[in-house]
Participant: 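This is the structure I want to talk about, given as structure tokens.
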Amino acid sequence: MSEAVLRGSGMTSLRTRKRMVERLVARGIRDERVLDLMARMPRHLFVEEALASRAYEDLALPIGFGQTISQPYMVARMTEALLQNGPLERVLEVGTGSGFQTALLASLVPQVYSVERIAPLLEQARRRLTRMRIANVRFHHSDGHWGWPEHAPFDAILVAAAPNEIPESLLMQLRIEGALVIPVGSGVNQRLMRYTRTPFGFADETLETVHFVPLQEGVG
Ligand code: SAH
């Protein structure tokens with residue numbers, strides 16, 4: 001992919017991205033690694049061309065199949081929440097969607113595993129990351145409720161869609177000290193949670209109120 005495409009212009013320029021990052025700082029994102037990556041990551045390449053001019057607004061945007069690319073603030077917040085648990089080697093992402101969060105994770109950790117239930121979204125994300133020469137991601141078409149047991153345990157698991165209850169198998173695929181960041185519940189009662197595995201069980205923290213699409217059953 002050419003430098004000019006990655007750099008963008010006008011509404012997708014570095015200047016526009018800097019303004020987005022300033023808004024992230026204003027909303028409380030502090031991790032420099034996350035802020036730096038958010039400024040460099042070409043989010044306009046993860047949405048349809050017709051929406052590219054809105055790619056650096058702090059909005060979730062449609063990506064087809066009734067799904068959305070997560071809001072930049074939410075991607076930054078979840079990534080920051082994962083990184084707070086110390087250095088990460090292997091991370092599982094549930095809900096690849098556009099692949100934007102996947103690309104961000106792949107720039108921060110050596111090995112990323114990403115599971116998506118809608119095959120065309122998965123294939124599109126795979127192509128995008130290949131074009132960006134990101135090679136440390138393995139994709140899997142599956143229902144993320146089951147995690148990816150063949151590659152467990154993970155240092156961290158990030159889920160981009162909300163179940164009503166925490167899937168037990170995701171908790172069981174964390175190593176000790178590993179963290180699961182996941183939205184849980186629906187409507188006004190949906191909360192972003194972090195579960196950290198301890199030698200004795202799990203510690204949970206409520207991070208904030210959020211609005212994610214539901215974690216669906218089965219493959220699409
Ligand atoms: N981080 C992605 C978020 C996409 S929205 C992005 O920013 O683009 C959430 C995604 O989770 C959708 O692509 C949806 O298809 C997927 N999803 C929903 N339920 C799922 C399940 N059970 N297993 C795997 N993926 C699921």
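Whatever order the structure lists them in is the order used to number ligands and atoms, beginning at 1. Note that the structure is predicted; figures quoted are calculated from it, not measured.
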Participant: To which of R117, Q216, E116 does the heavy atom nearest atom 22 (N) of ligand 1 belong?
Facilitator: Q216
Participant: What residue and heavy atom of the protein are closest to atom 7 (O) of ligand 1, and at what distance?
Facilitator: S70 N, 2.8 Å
Participant: Any sub-3.5 Å donor-acceptor pair from Q190's side-chain atoms to F212's backbone N or O?
Facilitator: yes
Participant: Compare T68, V75, V159, L122 and give the one whose heavy atom is closest to atom 5 (S) of ligand 1.
Facilitator: T68
Participant: Starting from atom 9 (C) of ligand 1, find the nearest protein heavy-atom neighbour and note its residue, name and distance.
Facilitator: A160 O, 3.4 Å
Participant: Numbering the atoms of ligand 1 from 1, which are under 4.0 Å from a heavy atom of I69?
Facilitator: 6 (C), 7 (O), 8 (O)
Participant: For ligand 1, indicate whether the residue L215 contacts it via side chain, backbone, both or neither (heavy-atom separation under 4.0 Å).
Facilitator: both
Participant: Of all the atoms in ligand 1, which lie at a distance below 4.0 Å from a heavy atom belonging to S142?
Facilitator: 23 (N), 24 (C)
Participant: I would like to know whether R54 and E57 meet salt bridge (charged side-chain N to carboxylate O under 4.0 Å, His left out); could you show each step before the answer?
Facilitator: CA-CA 6 Å; R54 312 201 64 185; E57 294 176 30; 3.1 Å; yes
Participant: Check V91, L180, I182 against I157 for a side-chain contact (heavy atoms from CB on, under 4.5 Å) and give me the one that passes.
Facilitator: L180
Participant: Between Q101 and T79, do the side chains contain an N or O donor and an N or O acceptor separated by less than 3.5 Å?
Facilitator: yes
Participant: When only distance counts, is Q101 in polar contact with ligand 1, meaning an N/O pair under 3.5 Å?
Facilitator: no
Participant: Please say whether L121 places an N or O atom under 3.5 Å from an N or O atom belonging to ligand 1.
Facilitator: no
Participant: So if I count the atoms of ligand 1 from 1 in the order they appear, which ones are less than 4.0 Å from some heavy atom of T96?
Facilitator: 2 (C), 8 (O)
Participant: So which protein heavy atom does atom 14 (C) of ligand 1 come closest to, and at what separation?
Facilitator: Q67 OE1, 3.3 Å
Participant: Which ligand 1 atoms are under 4.0 Å away from a heavy-atom of D143?
Facilitator: 21 (C), 22 (N), 23 (N)
Participant: With distance as the sole test, does D155 use its side chain to make a donor-acceptor pair with the main-chain N or O of L88 at under 3.5 Å?
Facilitator: no
Participant: By number and element, which atoms of ligand 1 are closer than 4.0 Å to a non-hydrogen atom of G97?
Facilitator: 4 (C), 8 (O), 13 (O)
Participant: Examine the side chains of H44 and Y56 and answer whether a donor and an acceptor come within less than 3.5 Å of each other.
Facilitator: yes
Participant: Kindly confirm or rule out an N or O of S98 lying under 3.5 angstrom from an N or O of ligand 1.
Facilitator: yes
Participant: So which of Q173, Q111, E89 actually passes side-chain contact (heavy atoms from CB on, under 4.5 Å) with F154?
Facilitator: Q173
Participant: Any sub-3.5 Å donor-acceptor pair from D143's side-chain atoms to E217's backbone N or O?
Facilitator: no
Participant: Taking R43 for its side chain and A55 for its backbone only, find out whether a donor-acceptor pair lies under 3.5 Å.
Facilitator: yes
Participant: Using the six-membered ring of Y113, assess whether NZ or CZ of R138 lies under 6.0 Å from its centre and within 45 degrees of the ring axis.
Facilitator: no
Participant: Can E116 and T96 be counted as having a side-chain donor-acceptor contact under 3.5 angstrom?
Facilitator: no
Participant: With atom 23 (N) of ligand 1 as the reference point, say which of G144, P163, A162 has the nearest heavy atom.
Facilitator: G144
Participant: Identify the closest protein heavy atom to atom 11 (O) of ligand 1: which residue and atom is it, and at what distance?
Facilitator: G95 CA, 3.2 Å
Participant: Going by the order shown, which atoms of ligand 1 are within less than 4.0 Å of some heavy atom of I118?
Facilitator: 15 (O)
